[in-house]
There are 2 protein chains.
Amino acid sequence: MARTRRSVTIIDVAKAAGVGVSTVSRVINNKGYVSEETHQRVSEVIDDLGYAQNLAARSMRSQQTNLIGLIMPDVTDPFCIELMRGVSRAIIELDYDLIIYTNGDIRRNDSNTRMQQYVSILNSSVADGVIIVIPLADDFPPVSPVVSIDLNINHPSGPAVIATNYQGVREAIDHLFELGHRRIGYIGGRMELMSGVQRQKAFEDAFKEAGLPLDDRLMLPGEFTFSAGYQRGLELLSLDEPPTAIFASNDQAAKGVYQAASELGFRIPDDLSVVGFDNIPEAAYMGLTTVDQHVEQMGYMGTKMLYRLIQEDDPEEDIYQIETTLVVRGSCQPFDH
Amino acid sequence: MARTRRSVTIIDVAKAAGVGVSTVSRVINNKGYVSEETHQRVSEVIDDLGYAQNLAARSMRSQQTNLIGLIMPDVTDPFCIELMRGVSRAIIELDYDLIIYTNGDIRRNDSNTRMQQYVSILNSSVADGVIIVIPLADDFPPVSPVVSIDLNINHPSGPAVIATNYQGVREAIDHLFELGHRRIGYIGGRMELMSGVQRQKAFEDAFKEAGLPLDDRLMLPGEFTFSAGYQRGLELLSLDEPPTAIFASNDQAAKGVYQAASELGFRIPDDLSVVGFDNIPEAAYMGLTTVDQHVEQMGYMGTKMLYRLIQEDDPEEDIYQIETTLVVRGSCQPFDH
DNA sequence: CTGTTAGCGCCTTCAT
DNA sequence: ATGAAGGCGCTAACAG
């Protein structure tokens, strides 16, 4: 980097205005006593010189930054976008600013570096608090308050927002049962995450309690991605006796199933019923029956929780549960034996 | 903020490991010579203490942060999301990280504070370079390299990525002409932005060159928002002689027009043809004929440009133009007089 | 190979 | 009402 231009600092302003740095600081932050006249002069110089605070330096000194950090694996993912929406809404209400930190893609999984980075952000005083989506990090002593969205199964500590995954999947599977489906494929999610585990357990329990046998070949591990859904969808639909319905552990994966079905000549819902999870905006257009986990709300509540943490350092509730809702659309049809 | 917990610093690590701070620094950043043995010991201490770099301090000292900043008015807007997608893709390729900075909502328009904040970010060494979407800021001496997406009409300086707005709108209007439409409503965009100005000029020129009269009542100022589209849509369709087609200056506004049309009993495309601009993903589902300005690509190219700027401080091309493409879908129908 | 030291730009006492 | 001076945590010379 060749750039050597140096920005104008508080010292430059002080010199130009013929005052001390602390006076300039007072003017900038509007605290402490400054004579009207001095204030005026300093303000002018600031304008003239085009001075602007250096955030890094500022946050290093002072406690409060009025910034809330959002750490996400992938800004491209609809879940994350929806969540951002909620965070954004809360941010506006709270008059905070938002810094979203991401390494661009969940797949770039050089975990060690990642984790290190995450922790750095927490540690830095660049944000007053942080929301972590899909927490992968080990446990560590966070300096800033942290709220996580979803939970890591291995380190379930700390305040979090999470949907009633279990209940949601139960409803979804019961819905399929009612429609007469018995051979139901399951495409799993990340098993390090509470959501992945809970959804799978719900699926298994639904069968157990209904006294129905679970077919191992119909339960595939997966991920919360389109391509996982696609791959697993292909596998399921290529079985000698393919399932009549597939539950995908999120809508992205469900989209993948759509793709797989289309390629293999299965029509939805005629030949195959599909249920997803999340209710991303696209689901409405797809006519996908899915479990709404009110992602926007998760982001909103998470941010509010974080705010309380920042203010009082005292989490009222550790884990905030968001009630899921089954949204029935056109992707499922009765199955007649 | 009551929190006084102090994080473990590089000094703590140095002490605990019985080495100097610079050695620790070398280990962390993997540069300079450190004996295998020392490296080992320091690494262990780092793990034990749960040390993590303080980003603020780091970026204050060093030139490079490997962070690219993206300043957006509104993370919620489909345009911005699409753009983010492209930036994100480039980020991954370049092995940078991404910090997205936003004040949550374009409507929170306390411009002065905003601008000040923007400049602060630029000034701070928190990011190696910055991409500004919809630049509102005055001209100022930026310390970090900046690439803007779209251009402020008042300060059109600096490298930027912008679509061929003029050409795009011309094509769109010509399309409507060919379908037989003559009474075409126009809902404008932000006129501080190059895109807003260019699109409007193209609309006017299309009529002029076709030798058709422009009806003032059919040309409404607007914004790039749903509600603007909705309001203006209502106005246009409530005219004694409503237009047979409406060009909305972006897809969000077009969505608003859909809403207005639906409320007033206009069917699209039977009673009203609609064209948008942007080609946001939703447009496909809506069946909206629109001008694709390849927003993802804009983000991608912008980031690449920025990268070059960071590396060489020498912008090869100042303004990168993205070719628009007319995407014909079902929202337009021939109009027979 | 490793330690010491001087700032980076700012805010905050503490004097004046 | 204002100025001087001491760090915040870190990296980058410069010495050993």
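Excluded from the calculations below are hydrogen atoms, water molecules and symmetry mates; all remaining heavy atoms, backbone and side chain alike, are included. All values reported here derive from a predicted model rather than from experimental measurement. Naming: A, B, ... by sequence-line order, numbering from 1 per chain.
A donor-acceptor pair under 3.5 Å is formed between the side chain of A/Asp74 and the backbone N or O of A/Thr76. Using modelled atom types, no side-chain atom of B/Ser25 and backbone atom of B/Val21 make a donor-acceptor pair closer than 3.5 Å. When atom types are taken as modelled, the side chain of B/Asp77 and the backbone of B/Phe79 share a donor-acceptor pair closer than 3.5 angstrom.
Annotation: salt bridge (charged side-chain N to carboxylate O under 4.0 Å, His left out) contacts of A/Arg89 (sequence neighbours excluded): A/Glu296. Listed by chain and number, the residues in a side chain to side chain donor-acceptor pair (under 3.5 Å) with B/Thr38 are B/Ser35 (sequence neighbours excluded). In this structure, A/Asp12 has no side chain to side chain donor-acceptor pair (under 3.5 Å) partners at least two apart in sequence or on a different chain. Not counting sequence neighbours, the partners of A/Ser195 by the side chain to side chain donor-acceptor pair (under 3.5 Å) test are A/Asp150. Considering only residues two or more places apart in sequence or on other chains, B/Ile99 meets the side chain to side chain contact (heavy atoms under 4.5 Å, CB included) condition with A/Ile99, A/Tyr101, B/Leu67. Partners of A/Arg85 by side chain to side chain donor-acceptor pair (under 3.5 Å), not counting sequence neighbours, listed by chain and number: A/Glu82. Under the ring-ring contact (aromatic ring centres under 6.0 Å, His included) criterion, A/Tyr307 pairs with A/Tyr96, sequence neighbours left out.
Between the CG atom of A/Asn66 and the P atom of C/dC11 there is a distance of 14 Å, given to the nearest Å. Rounding to whole angstrom units, CD1 of residue A/Ile10 and P of C/dG9 are separated by 11 Å. The distance from atom CG of A/Leu55 to atom P of C/dC8 is 19 Å, rounded to the nearest whole Å. As rounded to whole Å, 10 Å separates atom C1' of C/dG7 from atom CD1 of A/Ile11. Atom-to-atom, CZ of A/Arg58 to P of D/dG9 comes out at 17 Å; the value is rounded to the nearest Å. Taking atom CG of residue A/Leu49 and atom C1' of nucleotide C/dG9, one finds them 15 Å apart after rounding to whole Å. Here D/dG3 presents its P atom at 14 Å from NZ of A/Lys15, a figure rounded to the nearest Å.
Residue-level contact check: B/Val21 touches the bases, meaning some heavy atom is under 4.0 Å from a base atom.
Summary of helix geometry: the two end axes of the helix from C/dC1-D/dG16 to C/dT16-D/dA1, each defined by five base pairs via their C1' atoms, are inclined to each other by 40° (rounded to 10°).
Look at A/Thr23 and you'll find a side-chain N or O under 4.0 angstrom from OP1 or OP2 of D/dG3. Neither OP1 nor OP2 of D/dC8 sits under 4.0 Å from any side-chain N or O of B/Asn54.
Here C/dC11 is the nucleotide among C/dT2, C/dG9, C/dC11 with the atom lying nearest to any side-chain atom of A/Gln53.
Residues of residues 33-40 of chain B that place a heavy atom closer than 4.0 Å to DNA chain D do not occur.
With B/Met84 as the partner, the side-chain contact (heavy atoms from CB on, under 4.5 Å) test is satisfied by one option alone out of B/Val133, B/Val295, B/Ile100, B/Ile91: B/Ile100.
Remark on DNA chain C: of its neighbouring residues A/Asn29 and B/Val19, the 5'-side contact belongs to B/Val19, judged by nearest-heavy-atom nucleotide. Where B/Lys31 and B/Met60 each meet DNA chain D at their nearest nucleotide, the meeting point lying more 5' is that of B/Met60.
Between the side chain of A/Arg61 and the base of C/dG9, no donor-acceptor pair under 3.5 Å is found.
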Show the distances under 3.5 angstrom between N or O atoms of the protein and N or O atoms of nucleotides 13-16 of chain D.
none

Please list every donor-acceptor pair under 3.5 Å in which a side-chain atom of residues 39-50 of chain A meets a protein atom from a residue at least two apart or in another chain.
residue	atom	partner	partner atom	Å
A/Gln40	NE2	A/Glu44	OE2	3.3
A/Arg41	NH1	A/Ala17	O	2.5
A/Ser43	OG	A/His39	O	2.8

